[in-house]
Amino acid sequence: MTSPLEQKLKVTGPVVITANRLGDGAVVYRTRDGNWSTRLDDAAVVSTAPAARELLAGAVADGLSAVGAYVAPVQIGPDGRPEPGNLRERIRCTGPTVRCGAPAVAPAITIGL
Amino acid sequence: MYIYDEFDRTLVAERVAEFRDQVGRRISGELTEDEFKPLRLMNGVYLQLHAYMLRIAIPYGTLSSRQLRMLAHVGRRYDRNYGHFTTRQNIQFNWIKLEDLPDAMADLASAGLHGMQTSGNCVRNITTDQWSGVAPDEIEDARIWAELLRQHTTLHPEFSFLPRKFKIAVTAAAQDRAAVKVHDIGLRLHRNGAGETGFEVLVGGGLGRTPFIAKSIRPFLPKRDVLSYVEAILRVYNQFARRDNLYKSRIKILVHDLGAEAFAREVEAEWQHIKDGPLALDPAVVAEIAARFRYPEYARLDDDPPELTQLRKADRRFDAWLCNAVTNHKVPGYAIVTLSLKPEGGAPGDATSDQMDAIADLADRYSFGEIRVGHDQNLAFPHVAQRDLPELWRALDAVGVATPNVGLVSDIIACPGLDYCSLANARAIPVAQELTRRFRDLDLARDLGRLHINISGCINACGHHHVGHIGILGVEKNGEEFYQITLAGRADERAELGTLLGPAVPYAKVADVVEEVVAAYVELRERPNETFIETVKRIGVEPFKERVYATH
Ligand code: SF4
């Protein structure tokens, strides 16, 4: 497998480093102080390839707290806070777009025939 | 029901202990992720978008009520109260924590359940007709052969590091309910002209990026030779397949590149060396496996008892359910009942822990404690006395699994898609949910007849979209979700790949387009009982295309 550090980084806008937490797989973001947070608000946002690479290098070096670190796009919202940059990242950030589990029981007998 | 022996129990228990140690070493940092990943995959543990996912095999789709209760327990204790039944007779839990996995696996193991052969480049969980052992049109119980193959391939050193994953399906009925033609190896048990039973061997089927329908390489293989022949196929595959290219490493590519005849010659040559060796099956071994499949002590009952006929007349809703979800059984007075996991607005194949518990209780009362899991993401009770059907219907309805839509337009097969899966391009579940709302009218659904919609969130095709009567494939275009639609695929004994309707359509338009296709079918069918695929076969996709792309 190619290490994320060896992959060519194209950074065209604001990005963050994201990964999955080792213990439970939860989505986490790399913070400015070199920790991980489950809140995108806490993420370090960078906009250049060298800055992203440096942030990623720190994240990858910490192979124990989180796994599969990569660079993900964000958009800066009107209030200056980062928001997920695409649908995949939005779903990672806020969870499935569908209710978990089966829906409330919809007995067929009551469905009109 | 199949009774596992001591060997299986020890194997599963040892695997749990080994995995507990591996998880401990990963958490302590002794193992890196690169070292740990192949180990967790061997036990069916994936890392998905938001959490770890545990995939558990349900060999040949047969579950005891005790096992189903265990799945309910795992959902409740370690997950978020539900599980997802897949198209390969597996169940997936989507939210399990790494540190909880060893305990969850130990609990599962206590009921004979495990995640072995659900991931990695090995022979995967072998699938069969979910009605094996009870279907009136079968020659014999296909699970006997699936079990023999399972025992032979589990942890087989030669087959633990294949070029890619390897899927085998077995059917023994005239109607193929196991989709054998889209598997790496499909085995179809049938009777030859001389009245002997043996296997037609099909090879190189599969969906995904490069879909193929399997080619028949041997019309009739005596039963005694099934292990040696499968071994010969796997050896040829192991020797010649492309290990250098992930996209070309499945056996379907090898069979295609070599040609089915040349491939068959290689297999036959290899087979000559081993066919009379230790893999030749001793009938006593087969009989011993067969004896481990226990059938209930059926009562002597008549078909169509009066209480059934009366309620059918009195209650149209019961009649509708019976016509749709209840199938003939081998034994007079009994029936096979399909439990629809496709309620309106539901995620296809999802069941809550409460539902699983309730279904397990009902299976004890009405189905000799046995449940089946089909590749259609529905469940079935294989041994129901027909006289119990009215009571069972009410009970299943209260659990939410009596929607009379089995095999109809709202009985949609869908993979988890972008809501869960890290490989996905687009969502599948909300598309399915919207379609179940559009086609909520069961009178309309019945009028449409057999119509299977299959949805996959990416080209890996876990939702088997290529073989859906209407296939929907999620693709990504400039960061947006788009869907390609194919028509007239089918997964049965006359399996075919669907034909592309036209350019992909955006998320918001998919349900409209499907409705349009269905409306066109209603107008274009020759007679009310011409099925959707028959109509498309007769007139091609053009008339559908014109209609859909004229309006969108
Ligand atoms: S088809 Fe793709 S999106 Fe769906 S479950 Fe399979 S890999 Fe995931």
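Source: prediction; values computed, not measured. In what follows, chains carry the letters A, B, and so on, assigned in the order in which the sequence lines appear, proteins first and then strands, with residues in each chain numbered from 1.
Just one residue in the list A/Asp62, A/Thr31, A/Asp42 forms a side chain to side chain donor-acceptor pair (under 3.5 Å) with A/Trp36, and that residue is A/Asp62.
Using a 4.5 Å cut-off between heavy atoms, A/Asn20 touches chain B through its side chain atoms alone. Heavy atoms of B/Ser422 lying under 4.5 Å from chain A belong to its backbone as well as its side chain.
Rounded to the nearest 0.5 angstrom, B/Tyr52 OH and B/Leu98 CG are separated by 4.5 Å.
With chain A as partner, the option from B/Glu476, B/Glu99, B/His84, B/Glu480 having the largest number of non-hydrogen pairs under 4.5 angstrom is B/Glu99. Looking only at heavy-atom pairs under 4.5 Å with chain A, the residue among B/Asn405, B/Ile96, B/Leu47, B/Asp79 that has the most is B/Leu47.
Contact between A/Arg32 and A/Ala43 at its shortest, heavy atoms only, is NH2-O, 3.3 Å.
Using bins of under 30°, 30° to 60° and over 60° for the plane-to-plane angle, the ring pair B/Phe19/B/Phe36 lands in the parallel bin.
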